[in-house]
Amino acid sequence: MVEIKDFHKHTGERVSTQGWVMNTRSSKGLEFIILRDGSGFAQCVADAAVVSAEVFEIAKQFTQECSVRLTGKIVADEKQIGGYELHIEQAEIIGTSENYPISNKEHGVEFLMDNRHLWLRSKRQWAIMKIRNRIIFAIHTFFQNEGFVQADAPIFTGNAAEGTTTLFNVEYYGEDAYLSQSGQLYGEAMAMALGKIYTFGPTFRAEKSKTRRHLSEFWMIEPEMAFYNNEMNMDLIEKFLQFVVSDVLTHCKFEFEALERNTTVLETLIHKPFKRLPYTQAVRILKGEEQVNGKTTIETLESDLSLIETEISEKRTEISEKEKAIADGTLKKGQINFMQNKIDMLKNDIKELEAQAENIPQWLKSAKEFEYGSDFGGSDETVLTRMFDVPVMVFNWPHEIKAFYMKRDETGQFAKGVDVLAPEGYGEIVGGGERETDLNYLIGKIDEHKLPMEAFEWYLDLRKYGSVPHSGFGLGLERMVSWLCKLKHIRETIPFPRMYGRLNP
RNA sequence: UCCUCCUUAGCUCAGUCGGUUAGAGCGUCGGACUGUUAAUCCGCAGGUCCUAGGUUCAAGUCCUAGAGGGGGAGCCA
């Protein structure tokens with residue numbers, strides 16, 4: 001058996017392959033079959049003039065998603081996906097498939113999510129899952145090469161660690177327990193044992209979030225390094241993200257093409273330093289008090305708005321031209337359908353653009369009115385990152401809005417935390433910082449945050465026995481996938497998303 | 001929890017001011033066509049207009065409540 005991805009190694013040879021039929025097209029005496037096998041996609045052709053009547057009859061019976069075994073000759077053909085085509089000589093149905101619910105046409109989100117187990121078979125979802133896989137592989141490669149040890153934190157925990165987020169309750173041999181919202185505190189303990197570690201596991205948040213960047217269950221990578229301050233931490237984050245992006249770019253060209261992802265932004269950031277901004281400066285830029293490359297946020301957004309408005313009026317003209325062409329009555333039925341589809345697409349584009357145009361003034365308003373000392377909202381992140389073509393690292397945050405374990409700077413006003421904001425409106429993909437090392441200070445903070453002291457006894461031991469400066473960060477895998485693939489919604493980044501209102505399939 | 005929009009055929013949607021037997025495209029199925037790229041062309045079948053109640057001579061359309069879903073806020077990766 002030869003996998004589709006290896007067809008190029010067997011040009012001109014007679015091989016057998018197996019997979020599923022994605023689509024069929026036929027004309028008299030010819031059957032075209034798009035085959036997929038997980039490794040790739042290829043067109044296979046049965047020609048009645050070449051194959052036996054029995055084999056041609058079998059090929060005619062192929063339906064969408066039936067599984068088949070085919071034998072034939074591999075022929076190079078530039079026009080085809082993958083560049084190769086199989087000329088069928090023998091054909092066999094392994095498993096039939098009738099009335100497959102997902103057609104090659106448009107579907108709504110709810111329908112696709114209800115059929116997620118089948119939706120995963122589509123080319124687009126295949127490409128996303130392949131990119132997800134490569135990102136995971138690149139993450140392990142990077143940390144292993146840098147001398148990190150993968151060390152996993154528990155998923156069941158006995159306390160709500162940071163006390164901020166809502167957690168899932170579970171019953172644990174008669175005790176109340178929670179599903180972990182972060183492995184960080186355990187990561188710190190493991191870093192004191194192993195030096196540099198990273199956890200890679202599922203994370204659970206019970207917030208009833210209904211947004212395009214939240215999941216109830218997601219995968220997080222949390223490195224923790226002994227003897228690292230926040231500057232070293234930021235250097236590592238930058239090097240890490242550049243490595244992962246660069247690795248995925250070189251290994252997933254076909255997948256990015258399948259997604260029609262323009263990778264220019266990604267290609268830029270792999271060799272350009274990220275923008276590092278202290279919180280105070282980030283706020284000035286956000287509020288339009290400081291220019292970036294000679295422009296304020298206000299000027300940038302206003303010119304964005306007028307660009308969107310011209311685009312809308314261009315699309316409107318295109319629609320009325322197409323409608324006129326249809327009204328003329330000289331077009332064939334097929335052409336009219338094609339035109340009508342185009343018009344519908346344009347109308348959808350306009351709806352989206354109008355939504356954007358409506359957003360911009362609101363974003364500007366909330367940016368101008370931003371109150372120094374508070375956390376950035378979703379639109380603030382978008383406005384700020386819009387000013388740069390690389391990820392933005394915001395560091396030195398007002399300590400009041402950061403977690404209790406965050407190290408304070410020399411002035412005592414700022415916490416040595418860092419948030420990495422991805423370009424293209426994807427917001428926070430990494431959050432991290434330097435950890436507080438002083439025992440008494442930490443005890444005070446735990447009291448201040450009204451957290452149960454007894455739950456942190458073991459954590460405080462880390463400061464009693466050889467406390468050292470240390471830092472770490474957390475990367476949300478799905479947000480990374482979402483950004484690199486430029487997806488509209490995080491639900492497409494994981495095989496079976498768990499989010500508010502979604503438990504099946 | 002709050003704001004906002006949506007629910008009509010297997011799928012995506014149209015349905016004007018409340019008015020006859022609720023439409024289209026795609027998909028399925030049947031047929032035509034020897035190189036198709038979401039092929040094309042012809043034909044058949046396919047309906048609890050989300051649910052309950054109300055207004056009306058008359059409700060897919062108006063009102064009230066509920067359910068489900070989309071987008072956003074908060075929270076964050």
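Just the heavy atoms: all of them, side chains too, but no hydrogens, waters or symmetry mates, feed the values below. Lettering follows sequence order; numbering is per chain, from 1.
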Nearest to the side chain of A/His87, heavy atoms from C-beta on, is which of B/G35, B/U1, B/G71? B/G35
Base-pairing string, 5' to 3', of RNA chain B - Watson-Crick or wobble, under 3.5 Å, | interstrand: (((((((..((((.....[...))))..((((.......))))......(((((..]....))))))))))))....
If the cut-off is 4.0 Å, is A/Asn99 near the phosphate of B/C29, judged by side-chain N/O to OP1 or OP2? no
Which of these nucleotides, B/A73, B/A77, B/U34, is closest to any side-chain atom of A/Thr211? B/A73
Checking only heavy atoms, does the side chain of A/Glu110 share a donor-acceptor pair with the base of B/U7 at less than 3.5 Å? no
Measuring only the P atom in each nucleotide, how far is B/C50 from B/C76? A whole number of Å is fine. 40 Å
Touch check for A/His107, heavy atoms < 4.0 angstrom, all strands: base, sugar-phosphate only, or nothing? sugar-phosphate
Go through the N and O atoms of the side chain of A/Ser209 and the base of B/G74, and report whether any donor-acceptor pair is under 3.5 Å. yes
Look at atom CZ of A/Phe137 and say whether more than 12 heavy atoms of other residues, nucleotides or ligands are closer to it than 6.0 Å. no
A/Arg212, nearest nucleotide to its side chain (from B/A77, B/G72, B/G35): B/G72
Can you tell me whether the side chain of A/Gln80 and the base of B/U36 have a donor-acceptor pair closer than 3.5 Å? yes
Taking the C1' atom in each of B/U34 and B/U40, what is the distance between them to the nearest angstrom? 14 Å
Over all strands shown, is A/Phe32 touching base, sugar-phosphate only, or nothing at heavy-atom distances under 4.0 angstrom? base
Please measure how far the P atom in B/A39 lies from the corresponding atom in B/C75, and state the result in whole Å. 47 Å
Would A/Phe240 and A/Phe473 count as a close aromatic pair, with their ring centres under 6.0 Å? yes
Quick one: does A/Glu85 reach the base of B/G35 with a side-chain donor-acceptor pair under 3.5 Å? yes
For A/Trp219 and A/Glu478, which I'm curious about, is there any donor-acceptor pair between the side chains at under 3.5 Å? no
Ignoring hydrogens and angles, are the base of B/C33 and the side chain of A/Arg25 linked by a donor-acceptor pair under 3.5 Å? no
Distance alone, cut at 3.5 Å: any donor-acceptor contact between the side chains of A/Asn359 and A/Ser379? no
Checking B/G35, B/C29, B/C76 against the side chain of A/Asp77 (C-beta onward), the nearest is B/G35
Whole angstrom is fine here: how far is it from CG in A/Leu475 over to C1' in B/C76? 14 Å
Atom C1', compared across B/A59 and B/U20: separation rounded to whole Å: 15 Å
What's the CZ-C1' distance between A/Arg36 and B/A38, to the nearest Å? 17 Å
Nucleotide B/C76, atom C1' - distance to CD of A/Gln181 in whole Å: 10 Å
Check this for me: A/Glu98, atom CD, are more than 12 non-hydrogen atoms of other residues, nucleotides or ligands nearer than 6.0 Å? no
P atom, B/G66 versus B/U1: distance in rounded Å? 12 Å
So what does A/Gly501 touch, heavy atoms closer than 4.0 Å: a base, only the sugar-phosphate, or nothing? sugar-phosphate
A/Phe111 has an atom CZ; how far is it from atom C1' of B/C11, in whole Å? 6 Å
Go through B/A38, B/G71, B/A77 for me and flag the one nearest to the A/His489 side chain. B/G71
Span that lies between the C1' atom of B/A22 and that of B/G46, in whole angstrom: 14 Å
Determine whether the side chains of A/Glu224 and A/Tyr198 contain a donor N or O and an acceptor N or O closer than 3.5 Å. no
Side-chain donor or acceptor of A/Tyr100 paired with backbone N/O of A/Leu118 under 3.5 Å: yes
Would you mind reading off the distance between A/Phe376 atom CZ and B/A77 atom P, rounded to a whole angstrom? 15 Å
Of all the choices, B/G71, B/U34, B/C76, which nucleotide is nearest to the side chain of A/Glu381 once you look at every atom? B/C76
Closest to the A/Lys210 side chain: B/U12, B/G70, B/C76? B/G70
When the distance from CG of A/Leu167 to P of B/A77 is rounded to whole Å, what number comes out? 13 Å
Between A/Phe204 and A/Phe218, does the ring centre distance come in under 6.0 Å? no
Mind checking A/Gln64 for me? I need base, sugar-phosphate or nothing, with any heavy atom below 4.0 Å counting as a touch. nothing
Could you tell me the separation between the CD atom of A/Glu207 and the C1' atom of B/U1, rounded to a whole number of Å? 12 Å
Are A/Leu475 and A/Met480 packed together at the side-chain level, in the sense that at least one heavy-atom pair is separated by less than 4.5 angstrom? yes
To the nearest Å, give me how far apart CZ (A/Arg498) and P (B/C76) are. 25 Å
Given B/G69, B/A39, B/A77, identify the nucleotide with an atom nearest to the side chain of A/Arg479. B/A77
Measure from NZ or CZ of A/Lys123 to the centre of the six-membered ring of A/Phe41, then state whether that distance is under 6.0 Å and the direction lies within 45° of the axis. yes
Using the P atoms only, state how far B/C6 lies from B/C13, rounded to an integer number of Å. 13 Å
Categorize A/Leu215 for me: base, sugar-phosphate, or nothing, with a 4.0 angstrom heavy-atom threshold over every strand shown. base
A/Val109 side chain, from C-beta outward: closest of B/G70, B/C11, B/C76: B/G70
Of the listed nucleotides (B/A77, B/C33, B/U28), which one gets closest to any side-chain atom of A/Met220? B/A77
Nearest-nucleotide check on RNA chain B, A/Gly378 vs A/Asp47; residue mapping nearer the 5' end is A/Asp47
Flag for A/Gln43-A/Tyr84: side-chain donor and acceptor within less than 3.5 Å: no
Does A/Lys208 make a side-chain N or O approach to OP1 or OP2 of B/U1 shorter than 4.0 Å? yes
Using the P atom in both, what is the distance from B/U7 to B/U16, to the nearest Å? 12 Å
Please classify the nucleic acid contact of A/Arg502 as base, sugar-phosphate, or nothing, using heavy-atom distances under 4.0 Å. nothing
Answer with base, sugar-phosphate or nothing: what part of the nucleic acid does A/Thr203 contact at a heavy-atom distance below 4.0 Å? nothing
